[in-house]
Q: 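Attaching a single structure in structure tokens format; questions to follow.
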Amino acid sequence: FPSHDTFGKFEQYLKISEDLFRDNALYKSEAISWYSGRGDFTFSYDSLPKVTIETTTIIGKNRNDSSVIEFTSGIFLPTEYKFLGNGGKVLWTRVGLKEEEASARLKKYVLPVKTTLFSADSALLSFPKYFKEPLLGKIEDKISDNPAQREATYPRFTTYASSFSIPNMYKNVDYLS
């Protein structure tokens, strides 16, 4: 007979599959939920069950805030609660910046869907007001319980550049790092 643990994992897989089919949800709880913007999934099994998701928007939400990764695709590992993302774009619209003012392009990333925080290495930040060329670095985004624009600290970007400058950051002030 299969073990109790095997039945538990199978039950978990059925619940996750139901959430995917019903709500396009990668994960749902009282604290955090992550959704795919489209319901076109391909299920497969290797050593683990996998769900391939073609180009979509991934949205994370709690009661007060949300995080969005546009133009991404990837593989969702339902029993691991991870989305292995390829490509994508993160905007700073929730802190009041327009898409053309600030955005980050993602390459590969891992989104742990049971959490409110994710990060991606080798992201390219475009912020034309301060930088002529995109900066390479790490982006972090967190869904907050207190997302007021004035107090928002996410998304965050840390450049890999050892030094850079921002001329005229403020009137008569240059920034050198």
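Residue numbers count from 1 along this sequence.
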Q: Is it true that the side chains of N86 and S73 contain a donor and an acceptor less than 3.5 Å apart?
A: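 N86 vs S73: no donor-acceptor pair found between side chains.
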Q: Are more than 12 heavy atoms, taken from residues, nucleotides or ligands other than K107, located less than 6.0 Å from that residue's NZ atom?
A: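 Check fails, neighbour count at 12 or below.
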Q: Strictly by modelled atom types, are T72 and Y109 linked by a side-chain donor-acceptor pair under 3.5 Å?
A: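 Yes.
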Q: In terms of hydrophobic clustering (I, L, V, M, F, W, Y; side-chain heavy atoms under 4.5 Å; direct or indirect links), are L106 and I53 co-clustered?
A: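 L106 clusters together with I53.
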Q: I'd like to know if I16 and Y45 are part of one continuous hydrophobic network [Ile/Leu/Val/Met/Phe/Trp/Tyr, side-chain heavy atoms within less than 4.5 Å].
A: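 Different clusters.
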Q: Should the pair K61-D65 be classified as a salt bridge under the 4.0 Å nitrogen-to-oxygen rule?
A: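 Between D65 and K61 there is no salt bridge, as every charged N stays at least 4.0 Å from the carboxylate O atoms.
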Q: Applying the 4.5 Å side-chain criterion to the ILVMFWY set and letting contacts propagate, would V113 and I75 be lumped into a single cluster?
A: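 They do not share one cluster, since no chain of ILVMFWY contacts under 4.5 Å joins V113 to I75.
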Q: How close do T57 and E70 get, heavy atom to heavy atom, and via which atoms?
A: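 That would be OG1-CA, 4.1 Å.
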Q: Test side-chain contact (heavy atoms from CB on, under 4.5 Å) on E54 and R38; report intermediate values, then the result.
A: CA-CA 9 Å; E54 298 300 325; R38 64 186 283 180; 3.9 Å; yes
Q: Can a donor-acceptor pair be found, under 3.5 Å and without considering hydrogens, that links the side chain of E18 to the backbone of K15?
A: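 No, because the side chain of E18 does not come within donor-acceptor range (under 3.5 Å) of the backbone of K15.
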Q: So, do K142 and S67 sit near enough that their side-chain heavy atoms are less than 4.5 Å apart?
A: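 With C-beta onward as the side chain, the pair stays apart.
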Q: Going by atom types alone, do Q12 and Y81 pair a side-chain donor with an acceptor below 3.5 Å?
A: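 Short answer, yes.
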Q: Any sub-3.5 Å donor-acceptor pair from N62's side-chain atoms to S144's backbone N or O?
A: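 Yes; judged by distance alone, with no hydrogens or angles, the pair exists.
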Q: Taking atom OG1 of T79 and atom CG of L48, what is their separation to the nearest 0.5 Å?
A: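 The OG1 atom of T79 sits 4.5 Å away from the CG atom of L48.
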Q: Using 0.5 Å steps for rounding, measure from the OH atom of Y154 to the CD atom of E140.
A: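 Those atoms lie 5.5 Å apart.
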Q: Indicate, with yes or no, if the rings of F21 and F43 have centres closer together than 6.0 Å.
A: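 Between F21 and F43, the centre distance is under 6.0 Å.
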Q: Is it true that R63 and D145 make a salt bridge, defined as a side-chain N closer than 4.0 Å to a carboxylate O?
A: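 Answer for the salt bridge query: no.
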Q: Over all heavy atoms of both residues, which pair between K28 and Y35 is shortest? Give the atoms and the distance, please.
A: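 Heavy-atom minimum between the residues: CG-OH, 4.0 Å.
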Q: What's the shortest heavy-atom distance between F118 and P112, and which atoms?
A: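 Of all heavy-atom pairs spanning F118 and P112, the closest is CB-CD, 4.4 Å.
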Q: Would you call I139 and P155 a side-chain contact if the rule is heavy atoms closer than 4.5 Å?
A: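 I139 vs P155: side chains touch.
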Q: So D121 and Y160, side chain to side chain donor-acceptor pair (under 3.5 Å) or not? Walk me through it.
A: CA-CA 10 Å; D121 288 317; Y160 296 150; 3.2 Å; yes
Q: Report the C-alpha distance between F83 and V110 in whole Å, list the side-chain angles of each, state the deciding distance to 0.1 Å, and finish with yes or no for side-chain contact (heavy atoms from CB on, under 4.5 Å).
A: CA-CA 6 Å; F83 178 74; V110 176; over 6 Å; no
Q: In sequence, state the C-alpha distance, the side-chain angles, and the governing distance for L136 and S122, and then conclude on side-chain contact (heavy atoms from CB on, under 4.5 Å).
A: CA-CA 6 Å; L136 183 64; S122 300; 4.3 Å; yes
Q: Is it possible for you to say whether L117 and L26 belong to one hydrophobic cluster, with membership spreading through side-chain heavy-atom contacts below 4.5 Å?
A: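 No, L117 and L26 fall in different hydrophobic clusters.
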Q: Mind checking whether V90 and Y130 sit in one hydrophobic cluster, side chains of I, L, V, M, F, W, Y counted as touching below 4.5 Å?
A: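 V90 and Y130: one cluster.
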Q: Answer whether the closest heavy-atom distance between the side chains of F157 and L135 falls below 4.5 Å.
A: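 Side chain of F157 against side chain of L135, heavy atoms only: contact under 4.5 Å found.
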Q: Do you know the tightest heavy-atom contact between R156 and T153?
A: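 Closest approach of R156 to T153: CG-O, 2.9 Å.
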Q: Please examine the side chains of T42 and V51, heavy atoms only from C-beta on, and report whether any two atoms are closer than 4.5 Å.
A: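 V51 vs T42: side chains apart.
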Q: Begin from the C-alpha positions of L77 and K50 and carry the test side-chain contact (heavy atoms from CB on, under 4.5 Å) through to its verdict.
A: CA-CA 5 Å; L77 303 174; K50 297 178 182 180; 3.6 Å; yes
Q: Enter the distance from N24:CG to W34:CH2 here, rounded to the nearest 0.5 Å.
A: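 If we round to the nearest 0.5 Å, N24:CG and W34:CH2 are 15.5 Å apart.
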Q: Rounded to the nearest 0.5 Å, how far apart are CZ of F127 and OG of S103?
A: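 So the gap between those two atoms works out to 10.0 Å.
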Q: Does a sphere of radius 6.0 Å around NZ in K89 hold more than 12 heavy atoms from other residues, nucleotides or ligands, not counting ones at 6.0 Å or beyond?
A: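 Yes, the 6.0 Å shell around NZ holds more than 12 heavy atoms from other groups.
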Q: One pair to check against side chain to side chain donor-acceptor pair (under 3.5 Å): T56 and S36. What are the steps and the verdict?
A: CA-CA 6 Å; T56 190; S36 171; 3.1 Å; yes
Q: Measure the CD-OG distance between E99 and S126 for me, rounded to the nearest 0.5 Å.
A: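 The CD atom of E99 sits 10.5 Å away from the OG atom of S126.
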Q: To the closest 0.5 Å, what do you measure between NZ (K114) and CD1 (I32)?
A: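 Between K114 NZ and I32 CD1, I get 13.0 Å after rounding to 0.5 Å.
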Q: So do K82 and L111 actually touch side chain to side chain, heavy atoms under 4.5 Å?
A: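 No; the side chains remain at least 4.5 Å from each other.
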Q: Would a distance-only check, ignoring hydrogens and angles, find a side-chain to backbone donor-acceptor pair under 3.5 Å from R94 to S66?
A: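 Judged by distance alone, yes, a pair lies under 3.5 Å.
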Q: Take a 6.0 Å sphere around CD of E100 and say whether it holds more than 12 heavy atoms from other residues, nucleotides or ligands.
A: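 Check passes, neighbour count above 12.
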